[in-house]
Amino acid sequence: MKKLYIETYGCQMNVNDTEVVFSILAREGFERTEDIAEADVIFANTCSIRDNAEQRIWGRLDYFSTFRKSRPGVLVGILGCMAERLKDKLLDTGKVDIVAGPDAYRNLPALIAEASSGHPGINVILSREETYGDISPVRIDKGGVSAFISIMRGCNNVCSYCVVPYTRGAERSRDWRTIVREACECVEKGYREVTLLGQNVDSYLFEDVNFAKLLALVADVSPQLRVRFSTSHPKDISDEVIATMASRPNICHQIHLPVQSGNDRILEKMRRRYTREWYLGRVAKIREAMPDCGISTDAIVGFCSETEEEFRDTLSLFREVGFDSAFMFNYSERPGTLAARNYPDDVPPEVKTRRLNELIELQNNLSLESNRRDLDKVFEVLVEGPSKKGDGQLCGRNGAGKMCVWTDSEHKACDYVQVRVLDCSSATLLCELVKQ
Ligand code: 5AD
Ligand code: SF4
């Protein structure tokens with residue numbers, strides 16, 4: 001058997017794509033290895049979302065080259081968003097044998113064959129139909145507790161800063177029947193949690209099944225299966241989705257709702273197509289239906305022409321919502337996007353970084369406050385396994401997505417347990433087991 005090694009960068013969707021690639025190539029006699037030194041084929045499944053994500057890959061390419069030199073016949077491939085964005089520029093480096101965009105993975109066996117005969121293989125054709133719906137991913141997470149299921153691909157939103165519509169193409173939804181079947185397979189294999197993935201899950205639509213209906217269908221697969229999803233778009237998250245979440249005990253009360261900015265002029269310039277007021281209205285609606293719902297967000301600081309005052313609006317929105325957690329980024333100009341073509345990247349790097357640090361500090365306090373509000377509460381947690389510290393503690397998440405740790409010698413991964421919160425940091429709830 002030939003050995004295949006894949007490094008995965010970027011979002012959860014990329015992790016799931018890597019699982020699809022393992023599945024496609026398993027049929028061709030490729031076995032997965034985690035040891036790069038014994039690999040016949042080395043792939044990096046890449047991300048283009050910010051410049052630093054791409055810079056990291058350039059560094060890895062030099063490292064991969066050492067194996068290409070020391071073991072003749074070893075092939076190096078770049079998959080995913082960076083492959084799509086840079087195309088033959090990657091082949092021009094002379095360090096890459098295969099370049100495959102996100103919709104070209106069925107073509108990998110042919111690309112590998114081509115490259116083995118000495119001709120670099122490239123396929124960066126984007127598809128309007130490809131969803132890999134019929135492929136059962138080979139799960140790479142060893143825990144066997146939680147699995148990703150992609151429900152759609154691509155994105156039609158064209159936020160002005162974002163490269164994704166260019167690297168992942170137009171939005172298309174996967175047949176709901178294959179999604180439900182995959183959820184059933186997960187249950188049969190012992191998984192206890194699935195996360196439904198899409199760039200904008202709220203615009204899922206296949207035949208007459210919208211995202212709310214899909215959520216209900218997946219939740220009905222088994223009461224033992226927890227259902228999560230990501231990512232929601234504030235302009236699209238519907239009352240029907242919120243009501244469906246509230247109505248099914250196994251749909252976790254957790255929503256990742258990227259706000260990007262708290263200022264209306266910047267939101268308009270980002271082409272987000274909602275206002276601060278609309279966003280706050282959605283949060284209010286979620287909390288009204290599910291007071292215990294975990295709400296997290298993404299934000300970008302230093303977007304083109306953002307003033308100090310406009311940045312303060314992001315700080316005040318964070319305070320007003322009191323997010324449970326957040327991912328925060330400096331704006332990174334991406335070639336070809338609307339923003340790169342139309343607006344100068346004119347906030348100096350040191351100003352961006354100062355704003356970012358200020359926002360991160362605020363969020364750390366908000367996360368701590370959010371966790372303190374949970375002191376003494378009892379949660380049902382799905383055990384993921386031993387905690388990282390490895391001192392007789394287990395870890396797992398509550399419904400809102402918060403990481404809990406507690407001392408426990410009775411349970412194992414995939415069990416549901418009740419824990420009470422005794423103490424917390426900004427990142428973790430420190431708990432005790434509640435005997436039943
Ligand atoms: N610069 C910085 N952050 C970005 N994101 C997307 N594009 C950019 C960019 N050009 C962030 C957004 C998005 C998250 C996945 O990455 O916050 O929600
Ligand atoms: Fe990165 Fe976005 Fe591509 Fe995911 S979709 S790998 S976050 S650029």
Side-chain angles (χ1 to χ4, degrees), residues 8-17 46-56 80-82 84-86 102 148 150 152-168 171 195 197-203 229-237 255-263 266-267 269-274 276 279 282 295-306 310-311 313-315 317-318 321 323 325-349 351-353 355-357 359-360 363:
T8 308
Y9 297 85
C11 59
Q12 295 170 331
M13 182 79 80
N14 249 21
V15 174
N16 193 231
D17 281 2
T46 60
C47 174
S48 288
I49 197 97
R50 284 169 290 277
D51 186 56
N52 55 12
E54 290 198 352
Q55 292 309 324
R56 208 178 315 151
C81 290
M82 214 172 143
E84 193 60 51
R85 201 179 80 72
L86 297 173
F148 294 131
S150 294
M152 58 206 297
R153 300 181 70 80
C155 185
N156 281 353
N157 280 322
V158 202
C159 300
S160 64
Y161 51 83
C162 188
V163 77
V164 173
Y166 308 93
T167 60
R168 285 191 170 264
E171 183 182 290
T195 304
L197 299 178
Q199 298 298 341
N200 179 8
V201 292
D202 303 287
S203 57
F229 58 87
S230 188
T231 295
S232 304
H233 195 302
K235 81 176 161 58
D236 295 322
I237 185 165
I255 298 182
H256 185 59
L257 200 65
V259 68
Q260 312 302 1
S261 165
N263 174 270
I266 295 295
L267 285 171
K269 209 163 170 166
M270 288 176 161
R271 283 185 102 245
R272 290 292 285 174
R273 291 181 283 170
Y274 55 82
R276 175 187 177 106
Y279 185 92
R282 292 287 78 194
I295 303 182
S296 56
T297 201
D298 293 340
I300 299 174
V301 304
F303 184 63
C304 313
S305 79
E306 183 190 66
E310 288 166 337
F311 164 64
D313 287 341
T314 301
L315 291 172
L317 180 128
F318 267 53
V321 175
F323 291 112
S325 62
F327 299 101
M328 297 151 281
F329 311 101
N330 280 346
Y331 171 60
S332 166
E333 185 178 85
R334 307 315 290 132
T337 55
L338 285 175
R341 281 183 273 149
N342 294 314
Y343 315 125
D345 179 12
D346 53 4
V347 177
V351 174
K352 285 182 185 167
T353 299
R355 288 180 189 169
L356 181 64
N357 287 337
L359 188 60
I360 291 173
Q363 182 53 48

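Keep in mind that what you see is a predicted model, and the values were worked out from it rather than measured. One-based numbering, in listed order, for ligands and for the atoms of each. The residues of the chain are indexed from 1 along the displayed sequence.
- For the residue pair Y331 / E306, no side-chain donor-acceptor distance below 3.5 Å is found, with atom types taken as modelled.
- In this model, no donor atom of one side chain and acceptor atom of the other lie less than 3.5 Å apart for T195 and Q12.
- By the criterion of a heavy-atom distance under 4.0 Å, the side chain of Q260, and not its backbone, is placed next to ligand 1.
- When C162, S332, G10, A299 are checked for heavy-atom proximity to atom 1 (N) of ligand 1, S332 turns out nearest.
- Heavy-atom contacts of N330 reach the following atoms of ligand 1: 1 (N), 2 (C) (cutoff under 4.0 Å).
- Atom numbering of ligand 1 starts at 1 in the shown order; those under 4.0 Å from a heavy atom of R50 are 1 (N), 2 (C), 3 (N), 4 (C), 5 (N), 11 (C), 16 (O).
- By the criterion of a heavy-atom distance under 4.0 Å, both the backbone and the side chain of Y161 are placed next to ligand 1.
- Look at R334 and E54 and you find a salt bridge, because one of the NZ, NE, NH1 or NH2 atoms lies within 4.0 Å of a carboxylate O, short of that distance.
- Expressed to the nearest 0.5 Å, how far NZ of K235 lies from CG of N157 amounts to 4.0 Å.
- Residues S261 and D313 bring no donor and acceptor atom of their side chains to less than 3.5 Å of each other.
- Within the set D345, D298, T337, N52, the minimum heavy-atom distance to atom 18 (O) of ligand 1 is found for D298.
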